[in-house]
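In what follows, a structure is listed as structure tokens, so that the remarks can point back to it.
All values derive from a computational prediction rather than experimental measurement. Heavy-atom basis, side chains included; hydrogens, waters and symmetry copies ignored. Below, chain A is the first sequence line, B the second, and so on; all start at residue 1.
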2 protein chains.
Amino acid sequence: MSDRKKTDKFFSEIMARNKEQEKPIEQIQIGKQLKQIRTKNKLTLDEASKLTGLAKSTLSKIENEQVSPTFAVMQKLATGLNIDIPQLFTAPKKLQSCGRRDITRANEGLSHITSTYEHNLLATQLSNKLMMPYMSRIHARSFDDFGDWIRHEGEEFLFVIEGQVQLLSEFYEPATLNVGDSVYYDAGMGHLAISVSEEDALILWITAQ
Amino acid sequence: MSDRKKTDKFFSEIMARNKEQEKPIEQIQIGKQLKQIRTKNKLTLDEASKLTGLAKSTLSKIENEQVSPTFAVMQKLATGLNIDIPQLFTAPKKLQSCGRRDITRANEGLSHITSTYEHNLLATQLSNKLMMPYMSRIHARSFDDFGDWIRHEGEEFLFVIEGQVQLLSEFYEPATLNVGDSVYYDAGMGHLAISVSEEDALILWITAQ
DNA sequence: GAAAAAAGTTTCCTATAGGAAACTTTTTTC
DNA sequence: GAAAAAAGTTTCCTATAGGAAACTTTTTTC
């Protein structure tokens with residue numbers, strides 16, 4: 001139980017580390033943002049004015065930060081220019097990261113052992129990633145080895161590499177999975193994987209948030 | 001080459017299907033939104049006023065939709081109440097889906113065959129998911145079997161189940177991967193996996209966007 | 001390269017957002 | 001349940017956003 005707690009904390013920490021790219025400060029220059037969107041779409045102020053129903057003088061003033069647009073105006077901008085409002089606030093360059101690569105050799109992941117699982121975190125060199133892959137040897141044999149459901153944000157994909165696994169979950173009957181079988185589920189639903197084969201099963205687990 | 005194109009289209013379609021949950025209409029009631037955030041945080045107008053530096057009369061008027069706040073005011077709201085601006089626009093309930101589950105038995109995925117790969121899509125019963133898992137038998141033996149790099153949004157995780165694989169990529173030397181090895185990379189970087197073992201290799205591939 | 005056209009900015013006015021204080025409604029205290 | 005306190009709304013004023021038209025700057029035409 002206290003072991004369970006520890007594991008949970010461990011995962012949330014790792015996940016947080018993987019995501020942190022959220023927003024910068026709220027010091028966004030909405031005018032710059034708008035101008036960039038308009039010019040990128042090759043629109044003149046007159047055209048944008050027709051599309052949004054706003055006076056071109058208004059658009060000009062917004063773009064030059066002479067005026068702070070009201071929410072009503074921002075809605076017109078969004079529908080007229082066909083952008084969703086959040087886009088007006090997101091930092092100009094949403095620099096899609098590109099070119100990273102991280103190889104993990106068999107049995108060389110970062111190990112993390114609990115009483116129920118022996119986790120092997122993969123691709124740990126990379127932070128800010130969308131998925132978190134790890135290979136786990138399942139020691140647990142019954143629900144009681146845990147004390148409570150595992151529950152966290154996001155979605156999970158489980159693939160059986162060795163042995164036989166039973167996926168217990170809050171809203172479904174236990175499902176028995178053999179080598180090659182896989183299951184995709186919402187991690188917010190209580191879930192647990194236990195070994196039911198003679199030897200401890202080995203699975204590949206991937207979490208996304 | 002035309003085969004490559006087909007594959008690409010196929011993937012983007014699947015990915016689009018998996019994501020579509022974006023935004024609803026831009027008919028958001030920002031006042032309702034704000035009131036919900038404030039009450040959920042158990043703040044009075046006076047407290048919110050102190051936190052944001054806005055007059056409580058202003059807050060009241062915004063909440064009752066008597067006034068359309070300017071962007072400047074929205075920034076104060078965001079920093080003061082410690083929310084990121086997009087949150088002011090997102091529909092009230094961001095219903096975290098919970099309780100879905102989809103099992104795919106070994107060799108029972110949805111098959112999609114090209115000249116280079118034999119894909120087996122997993123968990124296809126579920127849409128709107130963060131990850132897209134598939135198992136692929138790699139027929140390809142060299143870069144020339146493709147004609148061009150594979151490149152698409154998002155990140156990818158590759159795990160070798162059978163055989164020996166070489167991951168070719170735009171910015172790295174080819175990497176040879178054996179059973180149990182895995183690699184995580186940005187899919188925006190040109191990439192290809194080819195078999196280098198006698199028999200065609202089998203890999204598990206997971207994409208997230 | 002001068003004239004015309006297009007694109008963008010500024011001016012000036014009106015409509016409305018933001019704030020202080022008065023007021024009303026709701027909740028708490030005893 | 002009356003009095004006091006707290007929470008929220010409305011009023012009234014000032015500051016500023018939004019729009020039409022004049023104006024300036026930039027681009028295109030010949």
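- The aromatic rings of B:Phe143 and B:Trp149 sit perpendicular, their planes meeting at an angle over 60°, well past the 30° parallel limit.
- At the heavy-atom level, B:Thr70 lies under 4.0 Å from the strands shown only through sugar-phosphate atoms.
- Nucleotide D:dA17 holds its C1' atom 16 Å from the CD atom of A:Gln75, rounded to whole Å.
- Going from atom CD of B:Glu65 over to atom C1' of D:dT9 covers 15 Å, rounded to whole Å.
- Atom CZ of A:Phe71 is separated from atom P of D:dG18 by 13 Å (rounded to the nearest Å).
- If you measure from atom CE of A:Met74 to atom P of D:dG18, you get 11 Å, rounded to the nearest angstrom.
- Residue-level contact check: B:Glu63 touches neither bases nor backbone, having no heavy atom under 4.0 Å from any strand.
- Between A:Arg38 and C:dA7 there is no side-chain polar atom (N or O) within less than 4.0 angstrom of OP1 or OP2.
- When only modelled atom types and interatomic distance are considered, B:Glu155 and B:Tyr184 share a side-chain donor-acceptor pair under 3.5 Å.
- Considering only residues two or more places apart in sequence or on other chains, A:Glu47 meets the side-chain hydrogen bond (donor to acceptor under 3.5 Å, both in side chains) condition with A:Thr44.
- The side-chain hydrogen bond (donor to acceptor under 3.5 Å, both in side chains) search around A:Arg38 returns A:Glu63, not counting sequence neighbours.
- Note on A:Leu54: only backbone sugar-phosphate atoms sit closer than 4.0 angstrom, heavy atoms only; bases stay farther off.
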| message | Could you spell out the base pairing of DNA chain D as a dot-bracket line? Use Watson-Crick and G-U wobble contacts where both distances are under 3.5 Å, [ ] for crossing pairs, | for partners on a different strand. | response | ||||||||||||||||||||||||||||||
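- Computed from coordinates, the A:Gln66 CD to D:dG19 C1' distance equals 14 Å when rounded to whole Å.
- Between B:Trp205 and B:Tyr134, the ring-plane angle classifies as tilted under the 30° and 60° cut-offs.
- The A:Lys76 side chain lies nearest to D:dG19 when the options are C:dG19, D:dG19, C:dG18.
- For B:Tyr185 and B:His191, the ring centers are positioned less than 6.0 Å apart.
- In this structure B:Lys76 satisfies the salt bridge (charged side-chain N to carboxylate O under 4.0 Å, His left out) test with no other residue, sequence neighbours excluded.
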| task | Could you encode protein contacts along nucleotides 20-27 of chain D as a string, one character per nucleotide from 5' to 3', using B for base contact, S for sugar-phosphate-only contact and - for no contact, with a heavy-atom cut-off of under 4.0 Å? | result | BB------
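- Between A:Val67 and B:Leu45, the residue anchored closer to the 5' end of DNA chain D is B:Leu45, taking for each the nucleotide with the nearest heavy atom.
- The CG atom of B:Asn120 lies 9.5 Å from the CD atom of B:Glu108; values are rounded to the nearest 0.5 Å.
- Residue-level contact check: B:Asp46 touches neither bases nor backbone, having no heavy atom under 4.0 Å from any strand.
- Atom-to-atom, NZ of B:Lys50 to P of C:dG19 comes out at 15 Å; the value is rounded to the nearest Å.
- Looking only at distances, a side-chain donor or acceptor of A:Thr104 sits under 3.5 Å from a matching main-chain atom of A:Ala123.
- Between the CG atom of A:Leu43 and the C1' atom of C:dA7 there is a distance of 13 Å, given to the nearest Å.
- The separation between B:Leu59 atom CG and D:dT10 atom C1' is 15 Å, rounded to whole Å.
- Partners of B:Asp102 by salt bridge (charged side-chain N to carboxylate O under 4.0 Å, His left out), not counting sequence neighbours: none found.
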